[in-house]
Structures are given as structure tokens and as C-alpha cells.
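Just so we're on the same page: letters track the sequence lines, and every chain starts at 1. Computed from a predicted structure; not experimentally measured. Just so you know, these numbers use all the heavy atoms, side chains as well, and skip hydrogens, waters and symmetry mates.
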Amino acid sequence: MTEIDDKFAAFNNERLFDQTNEGTQGYKKKEVVITGGPWPQDITDETMVVNMGPQHPSTHGVLRLMVELDGEIVVDAKPIVGYLHTGMEKTGEELTYVQGCTNVTRMDYASPLSNELVFSLAAEKLLGIEVPERAIWARMLLVELNRISSHLLFQATNGMDVGAVSMMIYGWREREEVLRVLEKITGLRMNHNYIRVGGIAADLPGDWKKDVLQVCDKVEKGVYDYDGLLSANPIFQERMVGVGVLTTEEALSLSVTGPILRSTGYAWDLRKEQPYLAYDKVDFDVITTSNGDVFDRYRIRLYEILESIKIVKQCVENMPKGDYRVQDKKVTPPPRARIDESMEALIHHFKLFTEGFKVPAGETYTAVESPRGEIGCYMVSDSSSKPLRMHVRGPSFYNLQSMVPMMRGRYFADAVAVISSVDPIMGEVDR
Amino acid sequence: MNSLSTQFKEKFADAVFIDSNGQDVFYVSNDDYLDAVQYLKTDCDITMCLDITAVDFLGCNDRKIIDGIELERFEVVSNFISHKRNERIRFIVQLEENHPSIPSISLIFPGANFGEREVFDMFGINFDGHPDLTRILMPEEWEGHPLRKDDSPARIPVNFTDDIPALREDV
């Protein structure tokens with residue numbers, strides 16, 4: 001054991017930052033740069049390069065990793081992405097702002113509503129319109145429900161990846177309940193296209209409050225069940241505590257956001273720090289832990305479910321009455337009944353769905369907190385009805401870079417736990 | 001103009017400040033870019049480079065004219081955030097059409113690594129000093145840069161060859 005301990009010590013000394021020199025020298029350049037530098041050409045017989053993925057079941061889709069191994073210890077790793085690239089940013093330039101939501105919602109397929117939200121907020125910023133109160137609160141309700149379902153998906157896959165297979169069934173069961181509510185509200189289980197520029201697609205259905213409160217109780221009970229099942233489980237802890245440690249300095253320098261950043265003890269949540277929608281009017285806590293290991297990332301996502309339930313319940317309580325989309329005839333299609341009786345309404349409807357609305361020239365970067373971190377939309381308009389450029393900053397794309405320092409110097413078997421804890425959604429990485 | 005921009009403007013007087021829909025944007029020249037980013041990191045409490053992307057303005061009919069800036073075909077856009085001051089700042093650098101090239105900031109902010117690779121892949125913009133400037137989303141043997149406006153989507157049939165140089169036996 002001492003030999004392996006020595007190896008761990010050696011790797012820990014070689015971490016990205018030399019703590020004593022930080023500030024004066026900044027980034028310490030290494031021969032093999034930590035975020036996927038050139039693959040070393042002088043590989044000797046002592047180490048072995050293993051290819052993992054893109055069809056590996058634990059890589060959450062099509063993530064591919066090249067891992068250099070010394071025995072069972074990971075010396076270096078390089079994530080290789082692009083297997084799910086479908087050119088969505090290019091497609092986004094061909095679609096109008098009305099159609100754009102259907103495109104972005106397919107990027108992060110585990111939390112599609114966050115994508116729709118950030119796209120809509122960016123377009124609304126360029127248009128200079130403000131959506132009604134009811135749309136704001138309904139958006140917040142849906143995004144938080146989506147955060148719950150996304151974190152439940154993480155609990156399920158994370159359990160499966162580290163060997164708690166029954167957890168997969170439990171997580172999936174509760175997630176399905178949440179998706180059922182989302183289906184009732186939006187019409188679809190995933191890829192909702194419900195949050196649109198100017199508000200939401202349709203008003204909330206009549207009995208939504210009962211359904212939402214019911215699902216909150218179910219999920220809350222589920223979270224306490226998972227906590228009892230996993231958190232104090234010695235096998236689970238053995239597998240996760242102290243594995244894949246990331247320091248705050250590394251997380252910040254590698255542009256890591258979301259639960260991974262908060263797991264290092266850094267309390268940064270856009271919902272709290274730069275409130276959008278009505279997050280400044282609801283009461284919730286930002287969960288942080290201090291160890292930055294795989295177990296902490298599991299705990300953060302578990303307890304964030306409870307915080308989201310808190311927000312959802314406040315949304316149910318405070319949901320204002322009124323319009324659910326902005327009453328601007330250039331942006332919002334007329335109600336169906338008006339089309340039968342008004343020629344102008346018919347023209348507006350036709351123009352809106354064939355040509356779309358024109359957005360004043362300008363550029364903006366809008367960011368919201370998705371379940372995986374900061375999702376941003378950089379949008380450039382040339383005063384036509386299609387964006388000149390629509391770029392989405394996928395949080396998973398940047399979070400992937402943190403895998404390498406997490407894996408270095410640990411056992412190869414821990415790599416699976418690390419991939420799982422980063423919770424990458426490849427649709428968002430590759431876009 | 002937030003406190004970050006005020007401080008930055010004092011040091012880099014040449015940079016043109018624009019209030020873009022309430023957000024702070026600086027048009028920085030290509031020569032100053034690296035120094036400006038270094039200054040952000042060392043003196044302005046900037047903790048993170050959030051995103052790097054680019055825009056191709058070829059064929060753009062209605063482009064905003066910025067006083068004191070000669071507009072070029074490409075723009076490289078980088079977003080930074082200071083957690084301490086809770087402020088954001090955005091740099092825009094103009095790049096010429098032929099052989100666009102800009103210094104890499106991935107040695108100052110290692111997180112910019114993937115973003116710069118993506119811009120290189122999608123726009124063919126060269127980042128000087130980048131540790132591993134290779135394609136990230138498209139296949140290695142792909143020709144062209146998909147997000148350029150003159151690279152039309154249906155230009156060539158998609159043809160993934162088996163002839164990958166790294167796997168060839170005779171190399």
C-alpha cells in the first residue's frame with residue numbers, strides 16, 4: 001500500500017496550481033496540459049493508453065475518454081467529444097425566433113426548459129419587451145420542476161454507475177412522476193417548446209396546483225428515502241468519499257459552474273447572485289459542501305431537489321393571475337377565436353408563423369442557472385427575423401474539462417464515478 | 001458602466017466602451033487582447049472566463065457602426081465574470097478575413113481551452129499559443145469550417161471516411 005500512497009502523494013504535489021506560487025506565477029505550465037494537451041509522443045512500456053467509449057454504458061451517451069494508465073492508476077486522461085454534433089448553432093441561424101425554441105430545447109435534453117428559457121430571455125432582451133408576471137412565475141415553476149427531474153435523473157444514473165442498481169429504478173420512478181406533470185402542463189414529456197419568446201405557449205391547465213403539490217410530496221418522500229438508502233451506506237461511502245477531489249481554484253480556472261463549483265465550498269448560484277425571473281422574491285438556500293469529492297456532488301444535487309421543491313411550493317402559492325404572454329401583436333399570435341372573426345388577426349397569425357417577427361440589431365449574452373451550471377445564450381441580430389448568430393454556452397461542455405484533474409492519480413475504477421458525478425449531457429456538449 | 005469597466009478603461013484608454021442592452025462591452029484591439037485579459041485576471045478580480053465564441057458577419061446587411069472601430073469580417077467574443085464584484089465584462093476583438101489569428105488566453109484562464117478549440121473548429125480562427133489547437137466537434141479529416149457564412153450546409157455530401165491517418169498502418 002505504501003507504494004500506491006507515495007504515488008498519490010506525488011500526483012497531489014503535481015496538481016494544477018502550486019498553491020504557494022499562486023498569484024505571482026498564475027497558471028503553472030506542465031508538459032502535458034491538464035485540459036487535454038497534445039498526447040505525449042514518448043509513451044513508454046510503463047504506461048498503457050486505454051480507450052473508453054464512445055459506446056461505453058457509463059459514459060452517458062457518447063463521451064469518449066483516452067486514459068493513460070500506470071497499472072491501475074490514471075496518469076492522464078483526455079475527453080474527446082463531438083460524436084453527437086448535429087450543427088444546432090448553424091441550424092439556429094436558419095430558423096426564425098418563433099421556431100428557435102424547438103431547436104435549442106433539444107440541446108440539453110435532461111433540462112430542456114432551461115434552454116428554452118435562456119433563448120427566450122436573450123431574444124426578449126434584444127426586443128426590449130417585458131413578459132407579464134404570470135409568465136414569469138410559470139416559467140420559474142416549470143424550470144424548477146425541470147431541475148427536480150434532471151437531478152432525479154442524476155440520482156438514478158449515478159446510483160447505477162457506482163453499483164447501487166436499485167437506485168436507478170427509484171430515481172427513474174420519481175422522475176417519471178415529474179415528467180407526467182410536465183406533460184400535463186406542456187403537452188410533452190421532453191423537448192417541450194413551452195417557454196417561448198414573449199411568454200409561455202399556453203396557460204397552465206385548470207387543476208395544475210393539485211398535481212404539482214402531489215408530485216412535490218412524492219418527490220420529497222423519495223429524497224428522504226434515497227438519503228436513508230445511500231447517504232449513510234458504508235459501501236456507497238467507500239466508493240465515493242474522497243474520490244475525484246476538485247479544489248475551488250481548479251474549478252474556477254477551468255470555468256466550472258453549477259453543483260460542481262458549489263461542491264468545492266464556493267457559494268455561487270446565479271439565482272441568488274444575479275436574480276432573473278422572480279428568484280429574488282422566493283425564499284430558498286444555496287447548498288454548498290466543502291470537500292469537492294464525488295460524494296459531495298451527489299449530496300448537493302440531492303438537497304437541491306428539496307430547495308427546488310421549496311421554490312415550486314412558493315410558485316403555487318404566489319402564482320399571479322393575468323396574461324400568460326405579452327400583449328404585443330408583433331410578437332404574440334392572436335387567440336384562436338379571433339382568427340375566425342378578424343381579418344387583421346388572420347394576417348398577423350399568418351405573418352408570424354411564416355415570416356416571424358423582426359428583432360432590432362444588437363448583441364446580448366444572457367445567462368441562467370441550469371441544473372448543470374451557467375447556461376448562456378449569445379445572440380446577434382441583424383434586424384431580420386432570424387438570428388445572425390445564436391451561440392449557447394453549454395455548462396456540460398466546460399464542466400467536462402474538470403474531469404481530468406479529478407481523475408489524475410486515482411484508480412481507473414474511480415473514473416466511472418467521476419464521469420457520473422460531472423453529469424454531462426452530451427447533446428449539450430456537442431450541440 | 002460598472003466599477004470593473006471604469007477600472008479597465010483607466011488602464012486601457014484605447015479600448016472602446018459600448019453599453020450593449022445594459023451589458024458592458026469593450027472593443028479591444030488584437031494587439032492589446034492578451035495584456036487586457038492578463039490585467040483582468042491580476043488586477044480586476046476576474047475569476048472566470050465563462051465563454052469564448054465568434055461571429056461571422058459576411059453578408060450582414062444591418063451591422064451596428066461603432067465609432068473608432070474598423071469593423072472586420074470576424075469577431076471573437078469572450079465573456080468574463082468577477083464573482084467578488086458580481087459583475088460581468090465582455091471583450092470583442094475584430095479579426096480580418098484572411099488568416100484570422102488571435103492570441104490564446106488558455107494559459108491565463110485554462111477553462112478557455114475548449115471554447116477556443118470550438119471557435120477554431122467552427123470558424124477556422126487561429127489561436128496563437130494554444131496548447132492543443134485541434135478540431136473538437138467535427139471529425140479530424142473534415143474540410144472547411146461549418147459556422148462560416150460561406151460554408152453552406154449542403155455543400156458536400158457527408159462522407160466519413162475510414163482513412164484516418166492515425167489508424168493507417170503505413171504511417
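Counting non-hydrogen atoms of neighbouring residues, nucleotides and ligands closer than 6.0 angstrom, the CD atom of A:E130 reaches no more than 12 such neighbours.
Along residues 422-431 of chain A, the residues that come nearer than 4.5 angstrom to chain B, judged on non-hydrogen atoms, are A:V429, A:D430, A:R431 in order of number. By a heavy-atom distance cut of under 4.5 Å, B:S20, B:N21, B:Q23, B:V25 are the residues of residues 11-25 of chain B near chain A, going up by number. Within residues 47-57 of chain B, the residues that have a heavy atom under 4.5 Å from a heavy atom of chain A are B:T47, B:M48, B:C49, B:L50, B:D51, B:I52, B:T53, B:A54, B:V55, B:D56, B:F57, listed by number. Residues from residues 118-127 of chain B that place a non-hydrogen atom less than 4.5 Å from a non-hydrogen atom of chain A comprise B:E118, B:M122, B:F123, given in numerical order.
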Item to complete: Kindly determine whether A:E93 and B:K149 satisfy salt bridge (Lys or Arg N to Asp or Glu O under 4.0 Å), including the steps that lead there.
Response: CA-CA 10 Å; A:E93 294 171 3; B:K149 291 283 180 191; 3.1 Å; yes
Practice prompt. Verify side-chain contact (heavy atoms from CB on, under 4.5 Å) between A:R64 and A:V62, making sure each step is shown before the conclusion.
Written response: CA-CA 6 Å; A:R64 177 177 158 212; A:V62 287; over 6 Å; no
Worksheet item: Run the side-chain contact (heavy atoms from CB on, under 4.5 Å) check on B:R135 and B:H145 step by step: do they pass?
Response: CA-CA 10 Å; B:R135 287 191 183 270; B:H145 300 283; 3.7 Å; yes
Practice prompt. Would you please test B:L40 and B:F8 for side-chain contact (heavy atoms from CB on, under 4.5 Å) and show each step?
Written response: CA-CA 8 Å; B:L40 284 188; B:F8 181 78; 4.0 Å; yes
Worksheet entry | Audit row: A:D269, A:R271, salt bridge (Lys or Arg N to Asp or Glu O under 4.0 Å) steps and yes/no | CA-CA 5 Å; A:D269 191 324; A:R271 292 177 292 168; 2.9 Å; yes
Practice prompt. Report the C-alpha distance between A:Y378 and A:E363 in whole Å, list the side-chain angles of each, state the deciding distance to 0.1 Å, and finish with yes or no for side-chain contact (heavy atoms from CB on, under 4.5 Å).
Written response: CA-CA 7 Å; A:Y378 183 71; A:E363 50 101 57; 2.6 Å; yes
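From B:E116, atom CD reaches atom CD1 of B:I102 across 8.0 Å, with rounding to the nearest 0.5 Å. Summarising the geometry, atom CD1 belonging to A:I375 is positioned 3.5 Å from atom CG belonging to A:N115; distances are rounded to the nearest 0.5 Å. The distance from the OG atom of A:S253 to the CG atom of B:N113 is 11.0 Å, given to the nearest 0.5 Å.
Heavy atoms closer than 4.5 Å to chain B are found in both the backbone and the side chain of A:F397. Residue contact with chain B, scored on non-hydrogen atoms closer than 4.5 Å, involves the side chain of A:E374 exclusively. In this structure, no portion of B:L133 lies under 4.5 Å from any heavy atom of chain A. Looking at A:Y365, the atoms closer than 4.5 Å to chain B (heavy atoms on both sides) sit in the backbone and in the side chain alike. Heavy-atom distances place the side chain of B:R88, and not its backbone, under 4.5 Å from chain A. Of the two parts of A:Y266, only the side chain, counted from C-beta on, holds a non-hydrogen atom closer than 4.5 Å to a non-hydrogen atom of chain B. Proximity to chain B is limited to the side chain of A:V380, based on heavy atoms less than 4.5 angstrom apart.
The pair A:D382-B:R63 fails the salt-bridge criterion, with no side-chain N (NZ, NE, NH1 or NH2) lying under 4.0 Å from an Asp/Glu carboxylate O.
Shown here for A:L63 and A:P79, the closest heavy-atom pair between the two residues is CD1-CB, 4.2 Å. When all heavy atoms are compared, the tightest approach of A:L65 to A:M403 is CD2-SD, 4.5 Å. Between A:K358 and A:S383 the shortest heavy-atom distance is CD-O, 3.9 Å. Between A:S370 and A:D108, the closest heavy-atom pair is OG-OD2, 4.4 Å.
Between B:F26 and B:F91, the ring-plane angle classifies as perpendicular under the 30° and 60° cut-offs.
Side-chain contact between B:D128 and B:S104 is absent, with no heavy-atom pair separated by less than 4.5 Å. Within the 4.5 Å cutoff, side-chain heavy atoms of B:I136 are placed close to those of A:V81.
A side-chain N or O of B:S5 and one of B:N2 form a donor-acceptor pair less than 3.5 Å apart.
Interface summary for chain B: among A:R389, A:H85, A:K125, the most heavy-atom pairs under 4.5 angstrom belong to A:R389.
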